[in-house]
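Throughout, protein chains are lettered first and strands after them, A, B, ... in sequence-line order, and every chain is numbered starting at 1.
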Amino acid sequence: MVRPRLPLFQKYFAALFVAVVVPLLVNGMSEAWFGYRDQRVFLSQRLRAEARSAAGKIQGFLDDITDQLQWTVQLPWRDGMDERHRFDVLRLLRQVPAVVEVTLVDGEGHERLHVSRVDPDVVNSGIDRNNDLAVVGARSSRVWYGPVTLYEGSEPHMTLAVAGAREINGVTIAVINLKLIWDVIQAINIGQSGDAFVLDHSGRLAAHPDISLVLRGDDDPAAARLRRLQQTAIASDGEIAEGTNAESRTVIAATAPIPGPDWMAFVEEPIAEAFMPIRAALWRTGLLLLTGALFAAALAYFLARRMTGPIAQLEKGAEEIGAGHFDHKIEISTGDELEGLARRFNGMAVELAVSQERSERIARLKRFLSPQVAELVEDSAQEGLLDSHRAEVVVIFCDLRGFTGFSNAAGPEEIMGLLQEYYEALGAIVTRYEATLTCFMGDGVMLLLNAPVPCPEPALHGVRMAVEMQDSVQLLMSSWKARGHTIGFGVGLAKGPATVGRIGYEGRSDYTAIGNVVNLASRICAAADDGQILIDAAVAAEVGSAFRLAPLGTRPLRGFAEAVPVFSVEVHPHDMAALPAAK
Amino acid sequence: MLLASVFAAACLPRAETAPGATRVYRIGWLTAQRAASLVPYLDAFRRGLADLGYVEGRNLVIEYRYADDAIDRVPGLAAELVRIPVDLIVAQGAAAFEINGLAIPIVYGISADPVSAGFADGLARPRGNMTGLTFMAVEMNGKRLELLREIIPGLRRVAIVGNPEHPGSHLERGFSEEAGRRLGLEIAYFPTRNRAELTAAFAVMAEDPPPAISVLADGFAMQNRQDIIDFAMSHRIPVISGWPAFAQSGAICTYGPRLTDSYRRLAYYVDRILKGAKPADLLIEQPTKYELVINLKSAKTLGIAIPPSVEARADTVIE
């Protein structure tokens, strides 16, 4: 089987595979893209909400402290009120653990009381605080937030000052330990491992769940990373920003301002975690694509196999039938057009077998019948020609002279060898002239023309054939003479009506002609000498213009009451070339 | 086809939300004290661990080792813990001074000054593989004297009992003397390294009972607090100290760091180190919250009226 350049299987497989995978791929990719976009939008909204919430919590923590500080500026500084003020401060310290120390300044701006959790109290120091930033700030805006400072280089503190409604109520300056914000900050969880933290306006860390980062101060590389993150966040203008956090992890962050102290609350979530859902979705899509591709491959393989399998079977079948194996059956039961095609193939094989059988039979028949008769026998459509009827036929008889004497003297091999040469020579000519050979009788042969196959000019045709036969046998005879056998060859032709048809019985039948003309031809043949072709008057009348004829006068013939006129066809060896060729 | 794929996708295992296979951590709790005196602090520490997601028996095993007031047993117990082995040791109080130089990380909670003890070059710079909390706030000694003066009107003289071998003790003494000067108090310092010195100090004080005693809290004072307070009460001397345990044993009041908070905070160090942080990267923290405990029973026994300005500040009042 020749391998095709582009096998159907590959084409179908590729087409089916692509047909399934491409839509799947397009769908998967668009889903991934939209999923990513939606996730980013959702993430941005969520983180910004978280940032606002965190900022609110921090602001709440500071507002709580400010509210508590307000208690200490409700009473005016008048004589005899000192103890009340002190009591307020002690209760404040009891109530607000974040306050480390409190300084009360009276309406004139003089320090009246300083209470610390650790240091001894200072009463009525009278220090002029009028130029203190905290006092100035509180007086102008009621609440003043100081910068974040690192007490003793490590503890983050912030100064907070509030002023009373009336100037005489004075100002309270409190130092807040920002480590207490830790409780607030630590309680904020962003996603699974995200954090919140706070930077002041100069980028210093004010609060972070990892308190040691806050305590470490500004010089730390982590603090620098957070400042960079802050710059990115400011540059991204309210949207989520990407950067590295204190632990050098890649995070996305959102910010929200804490208006009071002018701080910025950050919420961050590791980028890997933030995009976990979309990554999971991507994995799912990928797996889906893979499953789909495998499924498509299997399906394409199956369908392509289904398609090309029968085609291969058909191809093989055609090859088998071509090789003459007509019994080969193509078994296809796909229920589609291919099955129909296979049925046709099988039918064709059967018909081919029948036709081959017929042609073989004809070939066999031809060995015994004249080809024309053999074919008529086989061809039922023309079988009617074989039916008995009367026809104007030309009957040709020929036989050898002196054969009986030869056969008595010669051995069987020699007899059969000579007959073999003789019949081969005659057979070739008879076949060429399409004469119907009705029977052999030893060395004699009877031939018919114009039955059963019609022949336009049977007499002329017959004479030509006889001339050629005579010539051919004469040539043989010269070699026989050389071997010492004296044998001659004569031919007789007669034309007339005869009954033609099959005679015989079931299993063996011959085609022959019955009538006077047959006897006449036979007798004329018997009358012919070696080398002679004798014809009756009917034949002579038809070929007279084509051949030179020698009237031999009438001859008495056995079985005929009257003498019959006989003609001889005069053909010399040198005239052979002038003979019109047999068709 | 699509249905099949969707089905396949739906059958995918959900993304793992729990942190991988739980690793069981093993830590050692090492102290020179007895189990009973540390119950509230140990509870606070364990609560802190629980808050950070450590559950004993599931992802955490704590090996407890108590030297039962025999400090010389501590190194042996530490060696035992190392042999187990544990991931780190939490050394409570004086035990931390006995196990310097172990190969595994140590988290300590000490009343001493870590710099004086040689554990750090500064609170921001812990040394070696040790870090933790200090409960010491030397300034508090002045605050305690101020409280005493407020409780006892006309106070002129205070006896201070302290162990000079306690790292940072000299700072506490210095601050006390400085604050005394400012408050106009005469300070008598009694060094008590051991029982003999303590007995000697009692003998001296019995001669001329001071109007008040301030005890500098450390392991030795903690161990002998009942004797000190019993002695003081028998001579009608109010005692003040830093840790609530003293008030529970009869001291008139204590003012100092809120130790439960600090012990709870220790869990943070444990967590960070178990998660791979280097002890040297974890700064030593000081107390941020303080508590005032008043024993009104002792005050009544001694016939002392606690002024409202002090009572108002009390976090705990023992009636």
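- For B:Arg144, no part lies under 4.5 angstrom from a heavy atom of chain A.
- Contacts between A:Thr285 and chain B at a heavy-atom distance below 4.5 Å are absent for every atom of the residue.
- The environment of OH in A:Tyr12 is sparse: at most 12 heavy-atom neighbours from other residues, nucleotides or ligands sit within 6.0 Å.
- Contacts of B:Asp315 with chain A are made by both backbone and side-chain atoms, with heavy-atom separations under 4.5 Å.
- Taking both residues in full, the closest heavy atoms of A:Arg91 and B:Ala312 are given as CG-CB, 4.4 Å, listed atom of the first, atom of the second, then distance.
- One N or O on the side chain of B:Lys143 and one on the backbone of A:Ser116 form a donor-acceptor pair closer than 3.5 Å.
- Of all the listed residues (B:Gly142, B:Ala179, B:Ala314), the one sharing the greatest number of non-hydrogen pairs under 4.5 Å with chain A is B:Ala314.
- Heavy atoms of A:Asp119 lying under 4.5 Å from chain B belong to its backbone as well as its side chain.
- Most heavy-atom pairs under 4.5 Å with chain B: of the set A:Asn177, A:Asp121, A:Leu290, this distinction falls to A:Asp121.
- For B:Glu150, the part lying near chain A is the side chain, with the backbone staying farther off; criterion is any non-hydrogen pair under 4.5 Å.
- No more than 12 heavy atoms of other residues, nucleotides or ligands sit less than 6.0 Å from atom CZ of A:Arg249.
- Residue contact with chain B, scored on non-hydrogen atoms closer than 4.5 Å, involves the backbone and the side chain of A:Leu90 alike.
- The shortest non-hydrogen separation linking B:Arg313 to A:Arg94 is O-CD, 3.1 Å.
- Counted within 6.0 Å of CZ on A:Arg84, heavy atoms from surrounding residues, nucleotides or ligands total 12 or fewer; the atom is thus considered open.
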Would you check, one step at a time, whether the test side-chain contact (heavy atoms from CB on, under 4.5 Å) holds for B:Met140 with A:Val118? CA-CA 5 Å; B:Met140 305 286 294; A:Val118 287; 3.1 Å; yes
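- Within 6.0 Å of atom CE in A:Met29, 12 or fewer heavy atoms from other residues, nucleotides or ligands are found, so the atom counts as exposed in its surroundings.
- Within the 4.5 angstrom heavy-atom criterion, only side-chain atoms of A:Arg86, from C-beta onward, approach chain B.
- The part of B:Tyr268 that comes within reach of chain A is its side chain, from C-beta onward, which places non-hydrogen atoms under 4.5 angstrom from that chain.
- Within the 4.5 Å cutoff, the side chain of B:Arg265 has heavy atoms near those of the A:Trp182 side chain.
- Between A:Pro97 and the choices B:Glu291, B:Arg258, B:Lys289, the side-chain contact (heavy atoms from CB on, under 4.5 Å) rule is met once, by B:Lys289.
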